[in-house]
2 protein chains.
Amino acid sequence: MKKKLAIKDIAAALSVSEASVSIVLNGKARQNGISVKLEDKIMSFVKKVGYQPNRLAVGLRTGKSKTIGMIVEDISDPFFSSIARVVEQHIYQYGYRLIYGSSENSTEIANDLMQTFKNYQVDGYILAPAPGLEDGVEDLIKAGAPVILFDRTLPDLPCSTVVVDNFRGSESATMHLIENKFRNIAFVTLSSRQDQMTERVNGYLAALKAHDLPAVIKDIEYREAKEKTVQSIKNLLKGKHDIDALFFSTNYLALSGLEAIKEMDLVVGQDIGVVVFDDNNNFALFTPAITAVAQPIREIGLQVSKILLDQLQEDHMIGSQNILLKTKLVVRDSSAPLRRHS
Amino acid sequence: MKKKLAIKDIAAALSVSEASVSIVLNGKARQNGISVKLEDKIMSFVKKVGYQPNRLAVGLRTGKSKTIGMIVEDISDPFFSSIARVVEQHIYQYGYRLIYGSSENSTEIANDLMQTFKNYQVDGYILAPAPGLEDGVEDLIKAGAPVILFDRTLPDLPCSTVVVDNFRGSESATMHLIENKFRNIAFVTLSSRQDQMTERVNGYLAALKAHDLPAVIKDIEYREAKEKTVQSIKNLLKGKHDIDALFFSTNYLALSGLEAIKEMDLVVGQDIGVVVFDDNNNFALFTPAITAVAQPIREIGLQVSKILLDQLQEDHMIGSQNILLKTKLVVRDSSAPLRRHS
DNA sequence: CTGAAAGCGCTAACAT
DNA sequence: ATGTTAGCGCTTTCAG
């Protein structure tokens, strides 16, 4: 077993003090008046033997772990994993690593994760906050920790946020359906209303109201079995509302919805229109291709990283930034005016 | 700013020694002869003030960071993020946290990640190894670190692995196409042949050979622009081979292929058959639904976690385990015998 | 310009 | 049954 070498080993090997090695390693040779000669000697030796400092010891000593904690709802959801990917790439160059957890939208798991991150002395937090995380986040902010909320916010907290304009995104998608002559548009969403979902509902309602059209909102339990969701949507479709279009508030809800439509032998584009909030790599390949409200994933990840890095650099608290990003309605075939079979 | 309390604070508050607190905290009261009374006193106080040990200090002292390092190819790929999710959930209950990185299949990034993990003193490694990681992994194994390879292996290393039977999965999918009367089946794969891809190619070739059918292999550059891939596949289809079925070796290659097919106004099921290695949530909803070789994602994650946890418990090296999991051919409409337009 | 020494928060061997 | 102490590997005064 290769023994791991420590600063004292390299100091001993070169007959210099540990302190000099540490100073050189941290690029503070200049300000501490270390000779260029010694610096070179140390650096080349370090490189030769491939020494790397123990991050745990550095962290313990400096109080900086160079680690960022990220809480997503579910890392296997492409929306979150894609953002995680962008953040990872971006902060990596600055020497930060990502440690993450999936909250499943549970207050308990999320708080537990927060506690864990604290114990790991993470330097910053990137959170898609589960409900009930207000207190935890408030404590962090009071403690001066960099915290960025994304995807959804927590009301009344002086905290940086990066979110999309859910209201307008939803409103414009609904208007688009209305323009294409849909008149009975149902909105399929989650029963647990977090703020991003509330905004999506409100956008939908606003558009309908402006045109004096009836609203039908179908609430689905978070994480209920897929078959159950499919059944609920079938019931909705069979119901008295004579629905001609379905607007899904999330990507995975749409997957269940499309299945329900298929099982009922309805045809998207002929019998019913479909729009989905949150785009997906595959939607362009569906038949018909699915119209979606696309979120600027890359931009979200970039902004989150940028603000975090900013806050990490600042010694004194800087005002929090609140970024609102535009969504983009990607019109495909599923929302075209119906061509009904005779 | 709430000051973080340390063991000495709670020892002082209770007028006991730090050692007693530490012992109790680690559940070693019994074996160290601490009175139940003192134990209760300490525990209830700790709970009351919400004390949690600093993981960095614990890690430095014990040499165990309670952190697992995971390298995937790309965390935004659902295959990898789904496995990460399963692993995360499973090891979480045992007090381990996951820290991960995406290698993009680059030797350099992967090695860098490995180095980082080492510096963080991770207790174990879960790797979908990029090419060129042999030496790094060998060093780890020599050092006695728990290492599990998944999705692909590294030849000749005495290391635990969890992979699927790529050969048989590929072979049976090809046979299925042959049974359905396809005669000119092209295999679209990546030019960089890692072992899992080699096996998939071989399975395809074996099936064709058994039926004396011609093979056509189309290599695509890893991570080339999607448009370029689409164009390559269009060229393949326009070529002289008179191809009647496409077998894609990965999920995302299929997405490009389907786009190519669409752009050429060909119809899957009428003009061409399609099968994909690695299933996808959405394939059932495509029109026609796409036949795929499904990998047991959950099982992969579970096995990886189980073996890792095993190795983490063992003090002395235990023999490495090599798990080969079966794939499952999910037959849908895209591979049905062609019903050609007249 | 360089080295000695303290200490981050914790655990474990050793005393009492 | 409980307390004392050394030290994990590093950084950072401060004295030479």
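So that the names make sense, note that chain A is the first sequence line, chain B the second, and so on, each numbered from 1.
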Anything under 3.5 Å between a protein N or O and an N or O of nucleotides 12-16 of chain D, put it in a table, one pair a line.
from: D/dT12; atom 1: OP2; to: A/K28; atom 2: NZ; distance (Å): 3.2

Quiz item: With sequence neighbours left out, what residues match B/S106 under side-chain hydrogen bond (donor to acceptor under 3.5 Å, both in side chains)?
Solution: none
Practice problem: Answer yes when B/D74 and B/R223 have at least one side-chain N-carboxylate O distance shorter than 4.0 Å, and no when they do not. | Solution: yes
Exercise. Using the test salt bridge (Lys or Arg N to Asp or Glu O under 4.0 Å), find all partners of B/D123 that sit at least two apart in sequence or belong to another chain.
Key: none
Practice problem: Name all residues meeting the side-chain contact (heavy atoms from CB on, under 4.5 Å) criterion together with B/Q89; count only those two or more places apart in sequence or in a different chain, and write none if there are none. | Solution: A/E104, B/R85
Quiz item: In terms of the nearest nucleotide of DNA chain D, which residue is placed more toward the 5' end: A/N54 or B/V16?
Solution: B/V16
Quiz item: Of all residues at least two apart in sequence or in a different chain, which pass the side-chain contact (heavy atoms from CB on, under 4.5 Å) check with B/N111?
Solution: B/T107, B/L133
Quiz prompt | Covered region of DNA chain C, 5' end to 3' end, by chain A [heavy atoms, under 4.0 Å] | solution = C/dC1 to C/dG9
Exercise. Find the bend of the helix from C/dC1-D/dG16 to C/dT16-D/dA1 as the angle between its two terminal axes (five pairs each), to the nearest 10°.
Key: 50°
Quiz item: By side-chain contact (heavy atoms from CB on, under 4.5 Å), which residues pair with A/T161, not counting sequence neighbours?
Solution: A/L149, A/T153, A/N322
Self-check item: Minimum heavy-atom distance B/A11-B/S17, with the two atoms named
Solution: CB-C, 3.8 Å
Quiz item: Residues from residues 34-49 of chain A sitting under 4.0 Å of DNA chain C, heavy atoms only?
Solution: A/I34, A/S35, A/L38
Exercise. Keeping to residues at least two apart or across chains, list the ring pair (Phe, Tyr, Trp, His ring centres under 6.0 Å) pairs with something in residues 112-142 of chain B.
Key: none
Exercise. Please identify each residue that fulfils side-chain contact (heavy atoms from CB on, under 4.5 Å) with A/A57, with sequence neighbours left out.
Key: A/N54, B/L60
Quiz item: Step by step, would you call B/S102 with A/E88 a side chain to side chain donor-acceptor pair (under 3.5 Å)?
Solution: CA-CA 8 Å; B/S102 303; A/E88 178 198 351; 3.1 Å; yes
Quiz item: Rounded to whole angstrom units, what separation is found between the NZ atom of B/K64 and the P atom of D/dC8?
Solution: 16 Å
Exercise. Not counting sequence neighbours, list each pair that qualifies as a side chain to side chain donor-acceptor pair (under 3.5 Å) and has a residue in residues 37-47 of chain A.
Key: none
Exercise. Could you walk me through whether B/Q194 and B/N105 pass side chain to side chain donor-acceptor pair (under 3.5 Å), step by step?
Key: CA-CA 10 Å; B/Q194 299 190 61; B/N105 253 350; 3.1 Å; yes
Practice problem: To the nearest Å, give me how far apart CG (A/L5) and C1' (D/dC10) are. | Solution: 14 Å
Practice problem: Please examine the side chains of A/P129 and A/I71, heavy atoms only from C-beta on, and report whether any two atoms are closer than 4.5 Å. | Solution: no
